[in-house]
Amino acid sequence: MIKAVRGTRDLLPPETALWNFVEAAVRDVFRAYNFHEVRTPIFESTELFSRSVGEETDIVSKEMYTWEDRSRAESERGQSLTLRPENTAGVVRAYIEHKLWDRGLNKLYYIGPQFRRERPQKGRYRQFYQIGAEVIGPPSAGSESPARDAEVLELLATLLDRLGIKNWNLELNSVGCPNDRAVYNEALRKALEPVVGQMDADCQRRAVTNPLRVFDCKVPADQPIIDKLPRISEYLDEPCRQHFQQVQEILNAVGVRFSLSDRLVRGLDYYTRTAFEFTHGALGAQNAILGGGRYDGLSESLGGPPAPGIGFAIGEDRLVLALKESAEAVQRKPDVYIAPLGAGMDREAARLAREMRRHDVVVELGDESFRLKKSLETASKIGARFALIVGENEVKSASFALKNLETGEQVSVPRAELAQKIQSSH
RNA sequence: GUGGGAGUAGCUCAACUGGCAGAGCACCGGACUGUGGCUCCGGACGUUGCGGGUUCGAUUCCCGUCUCCCACCCCA
């Protein structure tokens, strides 16, 4: 048997109803904040990701699905392509390619699959879905303002509340502006030098490749060492510190709760200043339900104009997982099951079904070869609210037996009133 | 990529130290010819993840492999 490949899966009913519910709510919230949808390609030139996400990150160095495209001519070299491991790079690429700065501030969102070749776990798949958004534009359009950071965070709080996600926690940090980041990195490296030898091998490796990530180290024995390391918050220059301060003030003003977490660092190279994560308890080790931050230099590093931005990505798989705990089923049940009864009644049933569906009634259609008992059985099994019996008597009198399957009450309804009768009983 | 656990009917799970693969739920049919849910009776259902080995005999023991789960790594 051919099976879905490792780390991929089929989303089936009724779960797909939950996904649709989530996406509908998300689109609704984005609309209120004046965000608009973009759809970028599912694969891009490999270079886009190595330049934006960072050559040294795990994502780029070992988790990408990369292949060489077929060349059409001798002279043409196959281009290296990659399934997108995240979507910010693609959106920024599109921003530059289509000169979207001409519109001032852009508030864009996307919903779609991403791909990373990691070992699968609950809430972590090789094809996974992200709902994300980016606020990006020239500084003159206000894209750098702390008001944008706060607005994005407040949007997220609204969204999670709206979805009925309980017990989320917002962790907030500033990873600094480019210039103080460099100074800080140096200080951190210096502080690590004398102690790094005592640390866990894995943490040592981080100390060398990406010192900032030492803070993510979870080995208990190393915690006292990590606690003594200098913090980025002590190295923020004045504008950067103020920026972070104002983000917090606005959040307080609008009543969004958060906790400062000066050990929160983000894995992708392009992040600057505000970094954040929303976590949820019910997800095991994959407790981050979404993450994001500011990426002020990303546009330039991809050859574009200055275009500070802030964005986030929600793990849709994880969101749905968290929702299963606290949301009831949202799948719409059929309004009526039509039970044709006897030879020739399929035709009549089809006509009635067509009429009612035009009136937005959800109809499931039976089969004239079924005995009435079986039809009613099926009707209640699939959760239909009504059963409509279409037999000779009904056709003759142009009035149909409509049975309420919850109460058992049955009435005869003239053809013209059927749809209305069913709709009005919600 | 590393370490550990688990794969048996559509689902949840049994099957003692190796001895005829089972139950509940779900599904299908009947009791009941145009009236569901309850009840009763019957039915179908399996390459025991896959491949090899040991054995008279393997769901059971051994090796390999695949997938899922847990943790790490990393991240959404």
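Here is the naming used below: chain letters follow the sequence lines, and residue numbers restart at 1 for every chain.
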> Who are the salt bridge (Lys or Arg N to Asp or Glu O under 4.0 Å) partners of A/Asp149, not counting sequence neighbours?
Replying inline: A/Arg294

>> Run the salt bridge (Lys or Arg N to Asp or Glu O under 4.0 Å) test against A/Arg371 and tell me which residues pass, sequence neighbours left out.
In response: none

> B/C75 base to A/Arg318 side chain: any donor-acceptor pair below 3.5 Å?
Replying inline: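 It does, because a donor-acceptor pair links the side chain of A/Arg318 to the base of B/C75 below 3.5 Å.
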
Between [atom2] on [N] and [atom1] on [X], what's the gap in Å once rounded to a whole number?
X: A/Tyr271; N: B/C75; atom1: OH; atom2: C1'; answer: 10 Å
X: A/Leu83; N: B/A76; atom1: CG; atom2: C1'; answer: 17 Å
X: A/Arg116; N: B/A76; atom1: CZ; atom2: P; answer: 5 Å
X: A/Lys3; N: B/C68; atom1: NZ; atom2: P; answer: 8 Å
X: A/Arg6; N: B/C66; atom1: CZ; atom2: P; answer: 8 Å
X: A/Leu12; N: B/G10; atom1: CG; atom2: C1'; answer: 12 Å
X: A/Arg263; N: B/C75; atom1: CZ; atom2: C1'; answer: 17 Å
X: A/Arg126; N: B/C69; atom1: CZ; atom2: P; answer: 12 Å

Is the shortest side-chain N to carboxylate O distance from [X] to [Y] below 4.0 Å?
X: A/Arg358; Y: A/Glu355; value: no
X: A/Glu417; Y: A/Lys421; value: no
X: A/Glu193; Y: A/Arg189; value: no

Nearest-angstrom distance, [atom1] atom, [N] to [M]:
N: B/U55; M: B/C13; atom1: P; result: 36 Å
N: B/A21; M: B/C16; atom1: C1'; result: 15 Å
N: B/G7; M: B/A15; atom1: C1'; result: 16 Å
N: B/G51; M: B/U67; atom1: C1'; result: 15 Å
N: B/C40; M: B/G24; atom1: P; result: 12 Å
N: B/G3; M: B/C63; atom1: P; result: 15 Å
N: B/U60; M: B/U8; atom1: C1'; result: 12 Å
N: B/G64; M: B/C25; atom1: C1'; result: 36 Å

> How does RNA chain B look in dot-bracket form if you count Watson-Crick and G-U pairs under 3.5 Å, write [ ] for pairs that cross, and put | where a base pairs with another strand?
Replying inline: (((((((..((((.....[..)))).(((((.......))))).....(((((..]....))))))))))))....

So, does [X] get its side chain near the phosphate of [N], meaning an N or O under 4.0 Å from OP1 or OP2?
X: A/Arg117; N: B/G1; answer: yes
X: A/Lys381; N: B/C27; answer: yes
X: A/Arg119; N: B/C72; answer: no
X: A/Lys122; N: B/A76; answer: no

Where is the tightest heavy-atom contact between [X] and [Y], given as atom of each residue plus distance?
X: A/Val152; Y: A/Phe276; result: CG1-CZ, 4.4 Å
X: A/Leu365; Y: A/Ala350; result: CD2-CA, 4.4 Å
X: A/Ala150; Y: A/Leu251; result: O-CD2, 4.0 Å

> Taking the nucleotide of RNA chain B with the closest heavy atom to each, which residue, A/Pro120 or A/Ile289, is nearer the 5' end?
Replying inline: A/Pro120

> Does A/Thr8 or A/Gly315 map to a spot on RNA chain B nearer the 5' end, using the closest nucleotide for each?
Replying inline: A/Thr8

> For the ring-ring contact (aromatic ring centres under 6.0 Å, His included) test, which of A/Phe35, A/Phe312, A/Phe30 pairs with A/Tyr109?
Replying inline: A/Phe30

>> Strictly by ring-ring contact (aromatic ring centres under 6.0 Å, His included), give each pair with a member in residues 158-208 of chain A just once, sequence neighbours left out.
In response: A/Trp168-A/Phe278, A/Tyr184-A/Tyr235

> Does CZ in A/Arg9 sit with more than 12 non-hydrogen atoms of other residues, nucleotides or ligands closer than 6.0 Å?
Replying inline: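 Yes.
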
Within the 4.0 Å heavy-atom criterion, would you say [X] contacts the bases, only the backbone, or no part of the nucleic acid?
X: A/Arg9; answer: nothing
X: A/Tyr125; answer: base
X: A/Gln121; answer: base
X: A/Gly123; answer: base
X: A/Gly7; answer: sugar-phosphate
X: A/Ala288; answer: sugar-phosphate

> Under the side chain to side chain donor-acceptor pair (under 3.5 Å) test, which residues partner A/Thr16, sequence neighbours left out?
Replying inline: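 So A/Thr16 forms no side chain to side chain donor-acceptor pair (under 3.5 Å) with any residue.
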
> What does nucleotides 32-44 of chain B look like as a protein-contact string, B for base, S for sugar-phosphate only, - for none, at under 4.0 angstrom between heavy atoms?
Replying inline: B-BBBB-------

